[in-house]
Q: 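Provided herewith is a single structure, encoded as structure tokens, for subsequent inquiry.
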Amino acid sequence: MCGRFIFFEIDKIPDRFDAIVEKTFNFSPNYNISPGQDVPVILKEEKFNKVELMKWGLIPFWVKNLKEFKPFINVRKESFLSKPHFYRYLKNRRCLIPSNGFYEWKKEEKTKTPYLITLKDMEIFSFAGIFDIFKDEENEIMSFAIITTEPNDKIKKIHDRMPVILDKEREKIWLDYEYKDYDNLINFLTPFPDDLLDIFEVSNLVNNPENNYKELILPYKKDKNSLF
DNA sequence: CCAGACGTTGTT
DNA sequence: GTCTGG
DNA sequence: CCAGACGTTGTT
DNA sequence: GTCTGG
């Protein structure tokens with residue numbers, strides 16, 4: 001699963017995603033993004049891409065009462081095949097979520113240990129996502145979910161799901177709302193290659209969603225990759 | 001036709 | 001145990 | 001995802 | 001809103 005991530009290289013959005021960022025855009029480096037928060041999301045526009053702040057936790061447009069609905073923070077790749085309701089999102093509500101890494105907790109008998117998963121040098125990348133727009137009298141909420149898939153061999157040691165990470169080529173196609181080879185889009189939703197990912201244990205200070213500072217992304221142990 | 005679901009993860 | 005809030 | 005709350009009445 | 005199940 002993916003229930004917590006980081007994103008701090010906000011200045012890199014325009015170059016990395018060929019995107020225009022509004023002057024009023026308001027998001028600070030975040031080392032502990034949790035569900036419910038407003039997060040920058042990339043969408044395609046006519047000429048360039050754009051950035052929108054969206055709430056993490058997808059609220060479908062058809063929800064009757066907001067209070068009782070539990071937003072979904074993840075969507076399984078398999079759902080696009082088995083649940084017709086979700087195929088709609090694959091067809092015309094695709095987006096990218098910029099990130100520098102994500103956390104997973106390894107559960108054992110009585111303990112849970114947080115790990116941070118990044119690209120080499122914590123380089124910026126993106127998750128494949130879907131979004132929706134919910135409207136009622138008081139609200140207009142844009143929200144998104146991160147797609148999950150089977151884990152690769154490294155992540156398998158901690159958890160049985162991982163978020164979908166797209167390479168640059170796939171990012172372009174994923175954003176292109178005129179692209180209609182949906183079978184091929186589903187083929188994008190595969191585990192990211194092991195050798196491109198770095199995994200290491202971090203302090204359990206990250207457990208508390210209210211903690212948000214650089215130290216959270218430091219390796220907890222000297223031997224950074226003992227497990228991997 | 002209408003009613004009811006529409007999600008994931010982890011745990012039992 | 002289960003829901004809410006971050 | 002995890003942490004923390006989980007209640008009412010009346011008064012300020 | 002739209003699909004599935006009865």
Side-chain angles (χ1 to χ4, degrees), chain A residues 1-7 26-40 53-95 97 99-118 127-136 139-141 143-151 155-165 182 186 189 191 199 201-213 216-217 220:
Chain A
M1 184 178 187
C2 177
R4 217 71 85 74
F5 68 99
I6 65 175
F7 181 46
N26 179 26
F27 183 82
S28 307
N30 197 321
Y31 304 91
N32 201 355
I33 300 171
S34 54
Q37 293 190 11
D38 288 322
V39 183
L53 277 189
M54 295 193 197
K55 198 188 247 307
W56 185 12
L58 192 146
I59 303 165
F61 69 96
W62 45 258
V63 164
K64 293 262 163 42
N65 66 24
L66 202 49
K67 290 218 157 166
E68 282 175 27
F69 188 83
K70 193 184 170 192
F72 25 98
I73 63 175
N74 296 133
V75 173
R76 316 185 94 229
K77 159 205 174 182
E78 296 86 337
S79 296
F80 293 115
L81 296 168
S82 62
K83 306 184 194 229
H85 290 107
F86 277 75
Y87 203 73
R88 189 186 77 87
Y89 287 108
L90 181 75
K91 284 171 102 167
N92 52 28
R93 286 282 186 273
R94 302 189 298 269
C95 63
I97 300 93
S99 172
N100 292 102
F102 60 98
Y103 298 107
E104 294 284 4
W105 279 260
K106 181 184 170 117
K107 296 207 165 143
E108 280 159 314
E109 292 281 312
K110 283 174 182 162
T111 62
K112 53 185 169 188
T113 313
Y115 289 82
L116 179 59
I117 298 98
T118 67
F127 298 118
I130 56 172
F131 70 98
D132 207 343
I133 305 169
F134 170 90
K135 285 181 192 170
D136 67 10
N139 313 281
E140 171 163 339
I141 306 172
S143 58
F144 72 94
I146 294 173
I147 300 168
T148 63
T149 188
E150 323 82 79
I155 291 181
K156 215 175 273 174
K157 295 181 182 174
I158 336 178
H159 204 64
D160 62 352
R161 300 293 292 178
M162 72 177 284
V164 172
I165 297 171
Y182 307 123
I186 287 175
L189 309 178
I199 307 184
E201 188 178 336
V202 291
S203 158
N204 60 14
L205 283 168
V206 76
N207 291 11
N208 191 328
E210 297 193 343
N211 293 339
N212 178 15
Y213 34 78
L216 294 180
I217 66 173
Y220 185 61

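Naming: A, B, ... by sequence-line order, numbering from 1 per chain.
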Q: Figure out the CZ/P separation between A:Phe144 and B:dT8, and round it to whole Å.
A: 16 Å
Q: Give the minimum heavy-atom separation between A:Phe5 and A:Gly101, together with the two atoms involved.
A: CB-O, 3.2 Å
Q: Considering only the C1' atoms, how many Å lie between B:dA3 and D:dT9, rounded to the nearest integer?
A: 42 Å
Q: Under 6.0 Å from the OH atom of A:Tyr220, do we count more than 12 heavy atoms belonging to anything else shown?
A: no
Q: What integer number of Å spans the P atoms of D:dT8 and B:dG4?
A: 30 Å
Q: Give one of base, sugar-phosphate or nothing for A:Lys70, where a contact means two heavy atoms less than 4.0 Å apart.
A: base
Q: Does A:Trp62 stack onto the base of B:dC6, taking stacking as ring centres under 5.5 Å apart and planes under 30° apart?
A: yes
Q: Looking for any heavy atom pair under 4.0 Å, which part of the strands does A:Asp160 touch: base, sugar-phosphate only, or nothing?
A: sugar-phosphate
Q: Please give, in whole Å, the distance from B:dC6 P to A:Asn65 CG?
A: 16 Å
Q: Output yes when at least one side-chain N/O atom of A:Lys83 is less than 4.0 Å from OP1 or OP2 of E:dC3, else no.
A: no
Q: Could you check how far CG of A:Asn212 sits from P of D:dA3, rounded to whole Å?
A: 16 Å
Q: Counting side-chain heavy atoms from CB outward, which of B:dT9, D:dC1, E:dG1 is closest to A:Trp105?
A: D:dC1
Q: Report yes if a side-chain nitrogen or oxygen of A:Thr148 is closer than 4.0 Å to either non-bridging phosphate oxygen (OP1 or OP2) of B:dT9; otherwise report no.
A: yes
Q: Write down the distance between OH (A:Tyr213) and C1' (C:dG6), rounded to a whole number of angstrom.
A: 14 Å
Q: Would you mind telling me which of B:dG7, B:dT9, C:dG5 lies closest to the side-chain atoms of A:Arg161?
A: B:dT9
Q: Under 4.0 Å between a side-chain N/O of A:Arg88 and OP1 or OP2 of E:dT2, yes or no?
A: no
Q: Which of the following nucleotides, C:dG6, B:dT8, E:dG1, is nearest to the side chain of A:Arg4?
A: C:dG6
Q: Within the 4.5 Å heavy-atom criterion, are A:Lys106 and A:Glu201 side-chain neighbours or not?
A: no
Q: For A:Leu189, is there any backbone N or O sitting under 3.5 Å from a side-chain donor or acceptor partner on A:Thr149?
A: yes
Q: Base, sugar-phosphate alone, or nothing: which one does A:Glu210 contact when heavy atoms must sit under 4.0 Å apart?
A: sugar-phosphate
Q: Classify the nucleic acid contact of A:Pro60 as base, sugar-phosphate or nothing, counting any heavy atom under 4.0 Å across all strands shown.
A: nothing
Q: Can you tell me if A:Lys55 touches the phosphate of C:dG6, counting only side-chain N or O atoms and a distance under 4.0 Å to OP1 or OP2?
A: no
Q: Heavy atoms only: give me the nearest A:Leu58-A:Phe69 pair and the separation to one decimal.
A: O-CE2, 3.8 Å
Q: With C1' as the reference atom in both, quote the distance from D:dG7 to B:dC2 in angstrom, rounded to an integer.
A: 41 Å
Q: Rounded to whole angstroms, how far apart are CD1 on A:Ile73 and C1' on C:dG6?
A: 12 Å
Q: Evaluate A:Thr118 against A:Ile217 for side chain to side chain contact (heavy atoms under 4.5 Å, CB included), listing each step before the verdict.
A: CA-CA 10 Å; A:Thr118 67; A:Ile217 66 173; over 6 Å; no
Q: Could you state the atom-to-atom distance from CZ of A:Phe86 to P of B:dT8 in whole Å?
A: 6 Å
Q: Rounded to whole angstroms, how far apart are CD1 on A:Ile59 and C1' on B:dC6?
A: 14 Å
Q: Between B:dT11 and A:Lys112, is there an OP1 or OP2 to side-chain N/O distance shorter than 4.0 Å?
A: no
Q: Output yes when at least one side-chain N/O atom of A:Asn208 is less than 4.0 Å from OP1 or OP2 of D:dC2, else no.
A: no
Q: I'd like to know if A:Glu150 and A:Lys77 make a salt bridge, using a cut-off of under 4.0 Å between side-chain N and carboxylate O.
A: yes
Q: Under 4.0 Å between a side-chain N or O of A:Arg76 and OP1 or OP2 of B:dT9?
A: yes
Q: With both distances kept under 3.5 Å, what pairs with D:dG4, Watson-Crick or G-U wobble?
A: C:dC3
Q: Taking only the side-chain heavy atoms of A:His85 (C-beta and beyond), determine which of D:dG4, D:dC1, B:dG7 contains the nearest atom.
A: B:dG7
Q: In whole angstroms, how far is the P atom of D:dC2 from the OH atom of A:Tyr103?
A: 13 Å
